[in-house]
Enquirer: 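Could you have a look at this structure, given as structure tokens, before my questions?
In what follows, chains carry the letters A, B, and so on, assigned in the order in which the sequence lines appear, proteins first and then strands, with residues in each chain numbered from 1. Values below: every heavy atom of this structure, side chains too, minus hydrogens, waters and symmetry copies. Fair warning: this is a prediction, and the values are worked out from it, not measured in the lab.
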2 protein chains.
Amino acid sequence: MAANGRPGRSASVKDVAALAHVSLGTVSNVLNRPDRVSAATRERVERAMTALGFVRNESARQLRTGLSSTLAYVMLDAGNPFFTDVARGIETAAEQHDLTVVLCNSDNRADRERSHLAMLEERRFRGVLVTPVDPDSPLLEQIAGRGTPVVIVDRTRDDDRFCSVAVDDVLGGRTAVEHLVDRGHRRVAFLGGPDNIGQVRDRLQGARDAWAEAGLPPDDLTVLRTDSLDVASGREAAERLLGQPSSRRPTAAFCINDLVALGVLQQTMRAGVSVPDDLALVGYDDIAFAAAAAVPLSSVRQPRELLGARAAALALAESEDRDHRHQQLLFTPELVARASSLG
Amino acid sequence: MAANGRPGRSASVKDVAALAHVSLGTVSNVLNRPDRVSAATRERVERAMTALGFVRNESARQLRTGLSSTLAYVMLDAGNPFFTDVARGIETAAEQHDLTVVLCNSDNRADRERSHLAMLEERRFRGVLVTPVDPDSPLLEQIAGRGTPVVIVDRTRDDDRFCSVAVDDVLGGRTAVEHLVDRGHRRVAFLGGPDNIGQVRDRLQGARDAWAEAGLPPDDLTVLRTDSLDVASGREAAERLLGQPSSRRPTAAFCINDLVALGVLQQTMRAGVSVPDDLALVGYDDIAFAAAAAVPLSSVRQPRELLGARAAALALAESEDRDHRHQQLLFTPELVARASSLG
DNA sequence: CTCGTTGCGTGAAACGTTTCATAATGTGAG
DNA sequence: CTCACATTATGAAACGTTTCACGCAACGAG
């Protein structure tokens, strides 16, 4: 317990061995295969360890064994509760396998994503999970090429060079719009963008599929583009929406995610327009703030924690299996109907 | 560029040296002191490096040099936007010094905090920033004792054994209540808990100070305890508040943070009680969702990103200065008045 | 008494880097 | 032509672990 005050070099196995009058190898055995050591010496070594405040140097260990016991998740935006929930799922799964998880936030910036991936590659983690800003970054293949499992989270790629977990966004879009059509809406707006995000395209696709199958005129499903996926974009889009003459204005809006939907909700209430009577609203993700909104928000729920948990499991499996086959998991979203779309 | 397909051991300096027909040391010089190497050989070595897909092994480097270039932030709750904003501040500051940051989420659990700290100690990071679940954890002193700078973020400790950054919570509580008194409120509720959190005690203390200085009867500042600091607790506390006969009911509530305030707001609107006319509301933290609420929320803003940035700077300074004196930084909160407290 | 076995402990080698003292070569001054 | 000196490159040592092939006793069986 003697937390040696001097900031000098901290104790190594060598120091412990000297103090306990045993060899290096024995100390290592106490650490890694305690059963191969007699009770008496084990105890002596352990006493020496606490006396010196010995803490194993993970760099040396990893250098020698080539093994790491930590997983990394490079998240797209730590400020979006969706991703922190995914992270929670990863952590829970990792915990069950005695792995620790570190989080890296690329904050929607490709350069920061690059620097994180480069750092992770140099450190040879057990596995790298990533929701990429740039799904085509060569660094991803490079890391995988070095033997580190890479799992793509919440994004799809056309190839099968990585494991991935994602949610069926086409189906999610379809589900949302089917719900609105069921509730009797005949003029609906899709609020989302930018278009270069695959999920935006997929959800819109699903929305259009449902609309067409209901036999409704394509022009009555209007699309309002947003610049990004946050609350401010929602407010801004709502202004455009509410600017339309109420005779032609959509009676419902399907928003690309809950942040946008919350922005719309706020702007709508401010304008004295009633939700859901004058405008029904469906969001996407079902983050905790959705249920807690002024008018509880209907939303297409993604199994966020499950997504993370399965991603972690895939990385682990890949790191253990000698000959591993990549898997692409696709989960099913589920509509949670609340007051914002129920009359 | 030849991303060697074989998953076998990846290239080392030795391999590069062999391919470039130079010695180990020269490769290392190319990496670390390129000016000490002639242009011709440097280029030859660099070609060999890309040909082999060489990536420096950080474990070996760190083992040899004892230096690390990454900072860790152990955050209390990644789901609370307050902490992700602090993290953003850390990342921005770190980036300017070419350090990378990893985030660890203790998710309000002491055991997870312990396992993260243990992992960080074994990895000998450049610095450890932490908003502790348990500010008295012996692991903190242990890590610091080993020579790793430890900075306590958004918590205060009585001693000066660490650097710390925090915000003056007594002043914050005082500011909130002064504002409400100024607006004419004579019956006010404080919503917050549990009491074992220092910040809860401090903000309540400030609230009471302001109340007393205004010469108002102590009993008219009522305290409603909450079990935690989330939206659900806010809803629950609001129910208790609204259950009181309106003649005696407080006309304003000061909430321990914005999540609680959002819960109160939601429950209040649902009950048909008007904010701010029937109940004024002030939150704390000024997270992004506060301004975006159905009724924009007044809040006591903490300089979140600044907090993070200064914490990172302190860690860095401590890691560089030979003889370093710990500093305790205390920032000043600032009231942001919005519709929820303005008639 | 001998021999295989079992239980414990040993010490050297290896992981991939950086550093440092030293060697080899070229250059310009005297 | 020699000497001092700068410029480059070299190779061994070291960082702190883990592993592995061996010793060494003690022991029970034959």
Enquirer: Measure from NZ or CZ of R88(A) to the centre of the six-membered ring of F82(A), then state whether that distance is under 6.0 Å and the direction lies within 45° of the axis.
Expert: no
Enquirer: Out of dT17(C), dA9(D), dT10(C), which nucleotide sits closest to the side chain of V13(B)?
Expert: dT17(C)
Enquirer: I'd like to know if R64(B) reaches the base of dT18(C) with its side chain such that a donor and an acceptor end up less than 3.5 angstrom apart.
Expert: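 Side chain to base: pair present.
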Enquirer: Report for the helix from dC1(C)-dG30(D) to dG30(C)-dC1(D): angle between first-end and last-end helix axes, five pairs each, rounded to 10 degrees.
Expert: 50°
Enquirer: OP1, OP2 of dG16(C) versus side-chain N and O of S12(B): anything below 4.0 Å?
Expert: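 Checking S12(B) against dG16(C): no side-chain N or O falls below 4.0 Å of OP1 or OP2.
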Enquirer: When you measure from the side-chain N and O atoms of R33(B) to the phosphate of dT19(C), is any distance below 4.0 Å, counting only OP1 and OP2?
Expert: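 Looking at the OP1 and OP2 atoms of dT19(C), one of them is under 4.0 Å from a side-chain N or O of R33(B).
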Enquirer: Any Lys/Arg nitrogen of E58(B) or R124(B) sitting under 4.0 Å from an Asp/Glu carboxylate oxygen of the other?
Expert: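 Salt bridge absent between E58(B) and R124(B).
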Enquirer: If you compare every side-chain N and O of R36(B) against the phosphate oxygens of dT8(D) (OP1, OP2), does one of them come in below 4.0 Å?
Expert: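 For dT8(D), neither OP1 nor OP2 has a side-chain N or O of R36(B) closer than 4.0 Å.
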Enquirer: Return the set of residues passing side chain to side chain donor-acceptor pair (under 3.5 Å) with E320(A) (not counting sequence neighbours), or none when no residue passes.
Expert: none
Enquirer: Would you say T131(A) and F83(A) make side-chain contact, with heavy atoms under 4.5 Å?
Expert: yes
Enquirer: Ignoring backbone atoms, test whether T65(A) places a side-chain nitrogen or oxygen under 4.0 Å from the OP1 or OP2 oxygen of dT19(D).
Expert: no
Enquirer: Of R56(A) and H21(B), whose closest DNA chain D nucleotide lies nearer the 5' terminus?
Expert: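 This one resolves to H21(B).
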Enquirer: Using whole Å, report how far CZ of R123(B) lies from P of dT17(D).
Expert: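 Result: 14 Å.
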Enquirer: Is there a side-chain contact between L314(B) and Q327(B) (heavy atoms, below 4.5 Å)?
Expert: yes
Enquirer: Which heavy-atom pair separates L330(A) from V167(A) by the least distance, and what is that distance?
Expert: CD1-C, 3.7 Å
Enquirer: Within this structure, what is the CG-to-C1' distance between D15(B) and dG16(C), rounded to whole angstrom?
Expert: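 In whole Å, dG16(C) C1' lies 10 Å from D15(B) CG.
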Enquirer: dT18(D) C1' sits how many Å from L31(A) CG, rounded?
Expert: 10 Å
Enquirer: Taking atom C1' of dC8(C) as reference, at what distance in whole Å does atom CZ of R44(A) sit?
Expert: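 To the nearest whole Å, that distance equals 12 Å.
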Enquirer: Rounded off to whole Å, could you give me the CG-to-P distance for the N29(A) and dG11(C) pair?
Expert: 13 Å
Enquirer: In whole Å, what is the span from the CD atom of Q62(A) to the C1' atom of dT19(D)?
Expert: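 Taking atom C1' of dT19(D) as the reference, CD of Q62(A) is at 17 Å.
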Enquirer: Kindly say if N57(B) contacts the phosphate of dT17(C), meaning a side-chain N or O under 4.0 Å from OP1 or OP2.
Expert: no
Enquirer: Could you pick out which residue, L24(B) or L63(B), lies toward the 5' side of DNA chain D when each is mapped onto its nearest nucleotide?
Expert: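 Nearest nucleotide further toward 5': that of L24(B).
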Enquirer: Test the R47(B)-F54(B) pair against the cation-pi criterion, namely NZ or CZ under 6.0 angstrom from the six-membered ring centroid and within 45° of the ring axis.
Expert: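 No; the conditions do not both hold, so R47(B) does not lie above the ring face of F54(B).
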Enquirer: For S28(A), report the nucleic acid contact type (base, sugar-phosphate, nothing); a contact means any heavy atom under 4.0 Å.
Expert: base
Enquirer: Below 4.0 angstrom from OP1 or OP2 of dA9(D), is there any side-chain N or O of T41(B)?
Expert: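 For dA9(D), OP1 or OP2 has a side-chain N or O of T41(B) closer than 4.0 Å.
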Enquirer: Going by an N to O cut-off under 4.0 Å, is there a salt bridge joining R157(B) and E141(B)?
Expert: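 Looking at E141(B) together with R157(B), the answer is yes, because their closest N to O distance falls below 4.0 Å.
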Enquirer: Counting just side-chain N and O atoms, does T26(A) come under 4.0 Å of either OP1 or OP2 of dT10(C)?
Expert: yes
Enquirer: Rounded to whole angstroms, how far apart are CD on E58(B) and C1' on dC15(D)?
Expert: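 Between C1' of dC15(D) and CD of E58(B): 14 Å.
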Enquirer: To the nearest Å, give me how far apart CG (D35(B)) and P (dA6(D)) are.
Expert: 17 Å
